[in-house]
Amino acid sequence: MNIANEIKKLAKERDAIILAHNYQRPEIQDIADFTGDSLELSTKARDCKQSVIIFCGVHFMAETAKILSPHKRVIIPRVDAGCPMADMVTKDALILKKKAYPDYKVVTYVNSTADVKALSDACCTSSNATKVVENIESDKILFVPDRNLGHYVSRFVKKDFIFWNGFCPTHERLRVEDILMKKQEYPHAKVLVHPECRPEVVDMADKALSTSGITKFCREDDSDTFIIGTEEGILHRLKKESPHKKFILASKKLICPNMKLTSLEDLYNALLNMESEIYLSDVVIKEARKALERMYELNK
Ligand code: 13P
Ligand code: SF4
């Protein structure tokens, strides 16, 4: 059988949309109805007309889709595709921290569990974090869980911050020396990194952007060579969208094993068996949804 044709046929029968994050394997990005960054995928999941969402990404992303569209069935082909950063903050630890800092507003990166979102004042993604923090009605911010994204926001918004001590192990592996080496090889290249990178790496970049922010920048900028400081899966989309330009991965260590788990076979099986479905309690959906809706309101 031609697995790609079977996937397409099954998706139609199931009234399913296939969403894929920019870091997914090339063959998953190619078969998806829509590929994007966290904010775009959440919005697409919320607004699409299909009753089933097949989410090729990591667990927190599928949960976010469920929170925003509780009446839709949300399926993740690999339930084991987690995010170590999301696991660096637990509900109990956040409850304790909130007790210690009651006058701080909790702004939580979407790379977090539904339970943690439910305890937050607002969520944010890498593409709207600065606006959310700027517009939230407090000068005291507890930023959860990514200390690097929090630090990035603090460059632009002068507020009193407490950063949770979480990070993305994949982006954390990128070092200043890696960028210096690539810069020596490609002195005229523009350096684009994700704000999940260490502050000293962000210092060396021409821009720090979300994954779709990077793809947009590369489409529109006149340069012909770019050093890319984010997960390697994005190179597929970059090359597809700008075939005449050159993209250099800043380090071969930039691979997120969780983002690489989902295969075409997994996607086919997910559609065939409608597994694994995301289930969340009504209370968690209600509270987490408030924080996500606040994000959309504050991103203006
Ligand atoms: P983007 O929102 O920039 O796609 O980043 C999400 C992310 O970190 C996935 O790991
Ligand atoms: Fe989590 Fe980092 Fe992988 Fe994104 S790249 S899913 S933040 S571990």
Side-chain angles (χ1 to χ4, degrees), residues 19-25 28-29 32 34-45 55-65 68 76-89 107-113 116-117 123-132 143-153 164-174 192-198 201-202 205 207-218 228-238 249-262 292 295-296 299:
L19 303 180
H21 187 263
N22 288 324
Y23 296 157
Q24 289 287 291
R25 295 184 193 186
I28 297 289
Q29 294 192 33
F34 183 80
T35 303
D37 68 11
S38 303
L39 181 62
E40 292 171 331
L41 292 171
S42 304
T43 309
K44 194 78 186 174
F55 212 115
C56 302
V58 290
H59 202 267
F60 75 79
M61 295 179 173
E63 278 190 345
T64 305
L68 288 170
I76 182 163
R78 288 291 297 249
V79 75
D80 52 341
C83 168
M85 184 204 298
D87 295 336
M88 288 178 192
V89 51
V107 177
T108 298
Y109 190 23
V110 284
N111 298 29
S112 52
T113 62
V116 165
K117 288 185 178 76
C123 287
C124 69
T125 72
S126 62
S127 64
N128 61 25
T130 302
K131 275 211 175 137
V132 168
F143 196 90
V144 180
D146 186 2
R147 64 185 183 207
N148 291 339
L149 180 61
H151 183 277
Y152 175 74
V153 171
W164 199 270
N165 196 20
F167 59 91
C168 162
T170 300
H171 287 89
E172 193 81 354
R173 286 195 285 274
L174 181 61
L192 306 176
V193 304
H194 197 277
E196 285 176 18
C197 291
R198 294 165 178 267
V201 169
V202 172
K207 285 255 174 220
L209 296 161
S210 79
T211 55
S212 288
I214 291 176
T215 60
K216 183 170 185 282
F217 188 93
C218 292
I228 304 296
T230 194
E231 211 276 341
E232 66 91 30
I234 199 173
L235 293 186
H236 178 66
R237 185 167 164 194
L238 288 171
L249 191 65
S251 160
K252 57 180 190 304
K253 295 170 282 184
L254 284 165
I255 295 178
C256 170
N258 296 292
M259 280 288 183
K260 297 279 110 66
L261 282 176
T262 310
L292 282 163
M295 167 183 85
Y296 282 106
N299 183 28

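Start at 1 and go down the list; that is how both ligands and their atoms are numbered. Note that the structure is a prediction, hence the values are computed from the model and not measured.
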Which ligand 1 atoms are under 4.0 Å away from a heavy-atom of [X]?
| X | value |
| --- | --- |
| Ser38 | 1 (P), 2 (O), 4 (O), 5 (O), 6 (C) |
| Asp37 | 1 (P), 2 (O), 4 (O) |
| Ser210 | 3 (O) |
| Tyr109 | 5 (O), 8 (O) |

So with a 6.0 Å cut-off around NZ of Lys253, is the heavy-atom count from everything else above 12?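 Yes, because the 6.0 Å sphere around NZ of Lys253 holds more than 12 heavy atoms from other groups.
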
Less than 4.0 Å is my threshold; does some heavy atom of [X] fall inside it relative to ligand 1?
| X | answer |
| --- | --- |
| Phe60 | no |
| Glu231 | no |
| Met85 | no |
| Met61 | yes |
| Asn111 | yes |

Using a cut-off of strictly less than 2.8 Å, determine whether Cys83 has an N/O/S atom near atom 3 (Fe) of ligand 2.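 Looking at Cys83, which is the residue asked about, there is no N, O or S atom under 2.8 Å from atom 3 (Fe) of ligand 2.
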
Measure the spacing between CD1 of Ile234 and OG of Ser212 and express it to the nearest 0.5 Å.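 The OG atom of Ser212 is 7.0 Å from CD1 of Ile234, to the nearest 0.5 Å.
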
Let me confirm one number: the CZ-OG1 distance from Phe143 to Thr108, rounded to the nearest 0.5 Å.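 Those atoms lie 8.0 Å apart.
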
Less than 4.5 Å apart, side chain to side chain, heavy atoms only: is that true for [X] and [Y]?
| X | Y | value |
| --- | --- | --- |
| Val144 | Val107 | no |
| Glu63 | Ile76 | no |
| Asn258 | Pro84 | yes |
| His21 | Thr35 | no |

Which residue and atom name correspond to the protein heavy atom nearest [atom], and how close is it?
| atom | result |
| --- | --- |
| atom 10 (O) of ligand 1 | Tyr23 CE1, 3.4 Å |
| atom 2 (Fe) of ligand 2 | Cys168 SG, 2.3 Å |
| atom 8 (S) of ligand 2 | Pro84 CD, 3.5 Å |
| atom 3 (Fe) of ligand 2 | Cys256 SG, 2.4 Å |
| atom 8 (O) of ligand 1 | Glu196 OE2, 2.5 Å |
| atom 5 (O) of ligand 1 | His194 NE2, 3.2 Å |

Contacting atoms of ligand 2, where contact means under 4.0 angstrom from a heavy atom of Asn111: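 Result: 7 (S).
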
Heavy atoms only: which of Gly36, Gly233, Ser126 is nearest to atom 1 (P) of ligand 1?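 Going through Gly36, Gly233, Ser126 one by one, Ser126 has the nearest heavy atom to atom 1 (P) of ligand 1.
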
Please state whether Asn258 comes within less than 4.0 angstrom of ligand 2, counting heavy atoms only.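 Per 4.0 Å heavy-atom rule, Asn258 does not contact ligand 2.
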
Check contact between Glu231 and ligand 2, using heavy atoms of the residue and a distance below 4.0 angstrom.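 Distance cut 4.0 Å: Glu231 fails for ligand 2.
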
Sub-3.5 Å N/O-N/O distance, Thr211 and ligand 1: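 Looking only at distances, the answer is yes, because the N/O contact criterion of under 3.5 Å is met.
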
What do you reckon, does Asn22 have a nitrogen or oxygen under 3.5 Å from a nitrogen or oxygen of ligand 1?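 No.
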
So, applying side chain to side chain donor-acceptor pair (under 3.5 Å) with Ser210, which one of Thr230, Asp37, Asn22, Thr215 is it?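 Among Thr230, Asp37, Asn22, Thr215, the one that satisfies the side chain to side chain donor-acceptor pair (under 3.5 Å) with Ser210 is Asp37.
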
Please find the pair of heavy atoms, one from Ala208 and one from Tyr152, that lie closest to each other, and give the distance.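 That would be O-OH, 3.3 Å.
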
Carboxylate-amine/guanidinium proximity below 4.0 Å for Glu232 and Lys260: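 Yes, charged N to carboxylate O under 4.0 Å.
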
Are any of the side-chain nitrogens in Arg147 or Glu172 under 4.0 Å away from the carboxylate oxygens of its partner?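 The answer is yes: the pair qualifies as a salt bridge.
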
Would you find a donor on one side and an acceptor on the other, under 3.5 Å apart, between the side chain of Trp164 and the backbone of Gly150?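 A pair under 3.5 Å: no.
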
Keeping Glu196 on the side-chain end and His171 on the backbone end, is there a donor-acceptor pair under 3.5 Å?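 No: the side chain of Glu196 does not pair with the backbone of His171.
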
